[in-house]
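Inspection log for the structure reproduced underneath, given as structure tokens.
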Amino acid sequence: MDITRAAPPRPAAWRRAARELALVAVLFLAYKVGRQVVADHAELALANGEWIWRLERLLRLPAEAAVQGPLLSHEILMRLANSYYAFVHFPATVLCLVWLWLRRPAHYLRLRRALAALTAVALVLHVCVPLAPPRLTELTGLVDTGTRFGPSVYGPPDTDQLSNQYAAMPSLHVGWALAIALALMAVTVGRRRWLWLVHPLVTALVVVVTGNHYWLDGLVSVALLVAILAVLPRPAPDRPALVEAAGPVRPHVVPAPRRTRSPPGRRSGGRRPARSSRRPRPSDSPCCWR
């Protein structure tokens, strides 16, 4: 039976892509609204930043300044860290989503739901608990590496209308990086699939070195992502649609085994007849005795 893979109708694919773009646009607009809501809470955000810094010291977490300090004398490394923070986060997420949408639709749907849920929860926390990043909190002693070395994606907090600089908790950089790493690990086989975890690990280090997040920002983001993935249903196996080729389908008939005839003097079971059942030969007849 000839079976071919059915290609999805082109108009339906374009409508689905339009829906996905609309969803991303809605999330972006919601994030922008949240930015405007917390724009006038700079003092509260700075106070919360100092509280987070003290909480980390109680939890015995390593100081962010101790990680950033040795790297400040290496301008190339700091530029690489700033570039990774600015130019890898969003493009890597988009590339992963596009690839999964084309090759693994079920895993794409789960990743999209996870990212949407994580962004929604993060937006609620940004509004309820505005938090200044450590680079804006004097108590931490961290340097704004984007301003000193470049490149920087943020302007002065008072005039920046494009980004929410008082939304450090949780770190969407870390959460999104871990989400796409887990999604790619789920569709990759072999030991090399563990290499996808390099991206979230490097991201976690970069957001701290650049002074944009505390350690707790990344840990809270990871905890939220784990809870969201535990609630979401697991993706079903991706099975492409199958259609039968045009034309009648002939069932496959197995022919019955042929019965072979037994040779003369043998039964069907293959055993020779007993002596008593044998007919006497002419040489054995009494009339032939002399």
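The minimum heavy-atom distance linking W99 with V187 is given by the pair CZ3-CG2, 3.8 Å. Here the closest heavy-atom approach between residue L225 and residue L118 is recorded as N-CD1, 4.3 Å. The shortest heavy-atom contact between L125 and P170 is CD1-CD, 3.7 Å. Closest non-hydrogen pair, P70 versus S73, comes out as O-OG, 3.5 Å. Between W215 and A204 the shortest heavy-atom distance is CZ3-O, 4.5 Å. The minimum heavy-atom distance between W196 and A181, with the atom names listed, is O-CB, 3.3 Å.
No hydrogens or angles considered: nothing links the side chains of T210 and N82 as a donor-acceptor pair under 3.5 Å. Side-chain contact check for Y85 and S152: no donor-acceptor pair (N or O, by modelled atom type) lies under 3.5 Å. Between the side chains of Q68 and R135, not a single donor N or O lies within less than 3.5 Å of an accepting N or O. In this model, a donor atom of one side chain and an acceptor atom of the other lie less than 3.5 Å apart for Y84 and H199.
By the 6.0 Å contact criterion, CZ on R193 is enclosed, its count of non-hydrogen atoms from other residues, nucleotides or ligands being greater than 12. When the shell of 6.0 Å around CZ of R234 is examined, it contains 12 or fewer heavy atoms from other residues, nucleotides or ligands.
Legend: salt bridge (Lys or Arg N to Asp or Glu O under 4.0 Å) pairs involving residues 76-88, not counting sequence neighbours, sorted by first then second residue: E75-R79. For residues 46-55, no pair satisfies side chain to side chain donor-acceptor pair (under 3.5 Å), with sequence neighbours left out.
We find the CG-CG distance between D144 and L136 to be 6.5 Å, quoted to the nearest 0.5 Å. The CG atom of L195 sits 10.0 Å away from the OG1 atom of T188 when rounded to the nearest 0.5 Å.
By the 4.5 Å heavy-atom criterion applied to side chains, R112 and L109 are counted as neighbours.
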